[in-house]
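Numbering of ligands and ligand atoms starts at 1, following listing order.
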Amino acid sequence: MTESSPRTAVITGAARGIGAATARRLARDGFSIAVIDLDEDACAPIVDEIRAAGGHALAVAADVSAEAPVAAAVQRITAELGAPTVLVNNAGILRDNLLFKMTLDDWDAVMSVHLRGAFLMSRAVQSHMVAARWGRIVNLSSISALGNRGQVNYSAAKAGLQGFTKTLAIELGPFGVTANAIAPGFIASEMTAATAERMGIPFEEFMEMAAADTSVRRVGVPDDVAGTVSFLVSDDASFISGQTIYVSGGPTI
Ligand code: NAP
């Protein structure tokens with residue numbers, strides 16, 4: 001990215017967790033940040049924090065799985081912040097259950113947010129990246145893409161995102177746009193806290209168990225992922241495309 005390159009980054013599901021850490025980090029890197037989440041009020045703290053530090057940020061409410069709100073969000077971001085050339089598809093939900101108990105709604109909800117959401121957002125911003133002859137798309141996959149008990153919906157969606165990423169890389173590469181996926185391991189966030197609660201295990205204990213299972217003997221924090229996003233959207237990463245980087249504290253099997 002040069003000084004004259006457009007510098008607007010869109011991050012979905014950025015009101016909290018990995019998305020908020022990424023918003024904070026890319027703002028420090030000099031991007032104007034569109035913070036997309038379901039609830040505009042929930043985006044206010046991170047937007048206020050970025051503005052207080054001298055950056056530019058905009059809160060935008062949109063359900064990434066709904067076509068018209070996505071189109072309206074990208075239109076508003078383009079008008080108020082500038083044409084987006086970085087997209088981080090981070091919004092996500094869990095609806096865990098064993099296959100025999102999983103409802104069609106659990107399946108559809110997870111597919112909608114992760115896969116349909118990433119598709120709609122990428123389709124809505126790609127023309128700005130192509131026009132700029134520069135762009136970066138980062139999709140949040142997961143180690144669950146390799147298979148995880150109770151997550152047949154989530155693991156299928158996260159594996160799907162890896163194929164989606166490779167195809168984006170092939171189609172958009174000629175226009176100076178790279179697409180990569182990050183597959184985190186256990187990251188301390190409200191998502192993993194909710195899993196601990198659902199399993200009836202205190203969060204601290206749940207994290208200790210996860211750390212013991214991780215080569216570096218700690219769980220991840222949202223900044224571990226944000227730092228990787230920061231690298232992937234930089235010019236140093238311009239020859240890396242279609243890859244999945246596992247940010248998981250060790251080799252994944
Ligand atoms: P999180 O704390 O649950 O944050 C997810 C955010 O996405 C929430 O603010 C949520 O809003 C928002 N969101 C949900 N559905 C949305 C929709 N349809 N449209 C717009 N926003 C929506 O999760 P996280 O732990 O930061 O995870 C972020 C991403 O990393 C997810 O894709 C997740 O699958 C992936 N990941 C996480 C881990 C981990 O260990 N934490 C590991 C691997 C991958 P509401 O609060 O309103 O629902």
Atom indices of ligand 1, in the order listed, that fall short of 4.0 Å to a heavy atom of [X]:
{"X": "Gly17", "answer": "26 (O)"}
{"X": "Asn90", "answer": "28 (C), 29 (C), 30 (O), 31 (C), 32 (O)"}
{"X": "His114", "answer": "32 (O), 34 (O)"}
{"X": "Ala62", "answer": "19 (N), 20 (C)"}
{"X": "Gly92", "answer": "5 (C), 7 (O), 14 (C), 31 (C), 32 (O)"}
{"X": "Ala91", "answer": "7 (O), 20 (C), 21 (N), 22 (C), 32 (O)"}
{"X": "Phe186", "answer": "40 (O)"}

Among Met191, Arg116, Glu190, which one has a heavy atom closest to atom 23 (O) of ligand 1?
Met191
Compare Asp37, Thr195, Thr192 and give the one whose heavy atom is closest to atom 13 (N) of ligand 1.
Asp37
Report yes if the distance between the aromatic ring centroids of His114 and Tyr154 is under 6.0 Å, otherwise no.
yes
Could you tell me whether some N/O pair between [X] and ligand 1 is separated by less than 3.5 angstrom?
{"X": "Val64", "value": "yes"}
{"X": "Pro184", "value": "no"}
{"X": "Lys158", "value": "yes"}
{"X": "Ile187", "value": "yes"}

Smallest separation among heavy atoms of Thr228 and Asp224, with atom names
OG1-O, 3.0 Å
Can you establish whether the number of heavy atoms outside Gln75 located under 6.0 Å from its atom CD is more than 12?
no
Using modelled atom types only, decide if a donor and an acceptor are shared between the side chain of Arg116 and the backbone of Met111 within a distance under 3.5 Å.
no
So for [X], does at least one of its heavy atoms come nearer than 4.0 angstrom to any atom of ligand 1?
{"X": "Ala194", "answer": "no"}
{"X": "Asp63", "answer": "yes"}
{"X": "Ile36", "answer": "no"}
{"X": "Ala42", "answer": "no"}

If you measure from each non-hydrogen atom of [X] to ligand 1, which part falls under 4.0 Å: side chain, backbone, both or neither?
{"X": "Ile18", "answer": "both"}
{"X": "Ser189", "answer": "side chain"}
{"X": "Ala14", "answer": "neither"}
{"X": "Ser112", "answer": "neither"}

Verify the distance criterion only: is there a donor paired with an acceptor across the side chains of Asp236 and Ser234 at less than 3.5 Å?
no
Will you find, in the side chains of Asn180 and Gln243, an N or O donor that is under 3.5 Å from an N or O acceptor?
no
To the nearest 0.1 Å, how far is [atom] from its closest protein heavy atom, and which atom is that?
{"atom": "atom 36 (N) of ligand 1", "result": "Tyr154 OH, 3.5 Å"}
{"atom": "atom 3 (O) of ligand 1", "result": "Arg16 NH2, 2.8 Å"}
{"atom": "atom 47 (O) of ligand 1", "result": "Leu38 CD1, 3.6 Å"}
{"atom": "atom 15 (N) of ligand 1", "result": "Ile93 CG2, 3.6 Å"}
{"atom": "atom 44 (C) of ligand 1", "result": "Ser141 O, 3.2 Å"}
{"atom": "atom 6 (C) of ligand 1", "result": "Gly13 O, 3.5 Å"}
{"atom": "atom 42 (C) of ligand 1", "result": "Gly185 O, 3.2 Å"}

Using a strict threshold of under 4.0 Å (side-chain N to carboxylate O), is an ion pair present between [Y] and [X]?
{"X": "Glu49", "Y": "Arg28", "answer": "no"}
{"X": "Arg123", "Y": "Glu67", "answer": "yes"}
{"X": "Asp223", "Y": "Arg25", "answer": "no"}
{"X": "Asp108", "Y": "Arg95", "answer": "no"}

[options] screened by side chain to side chain contact (heavy atoms under 4.5 Å, CB included) with [X], the one that passes:
{"X": "Ile50", "options": "Val47, Ile46, Asp48", "result": "Ile46"}
{"X": "Leu140", "options": "Val247, Asn90, Leu161", "result": "Asn90"}
{"X": "Val88", "options": "Asn139, Ile182, Val229, Val225", "result": "Val229"}

Cation-pi, Phe175 ring and Arg133 (6.0 angstrom, 45 degrees):
no
Rounded distance [0.5 Å steps], CG in Asp39 versus CG in Asp37:
7.5 Å
Do Val74 and Phe119 share a hydrophobic cluster, counting only Ile, Leu, Val, Met, Phe, Trp and Tyr and linking them when any side-chain heavy atoms are less than 4.5 Å apart?
yes
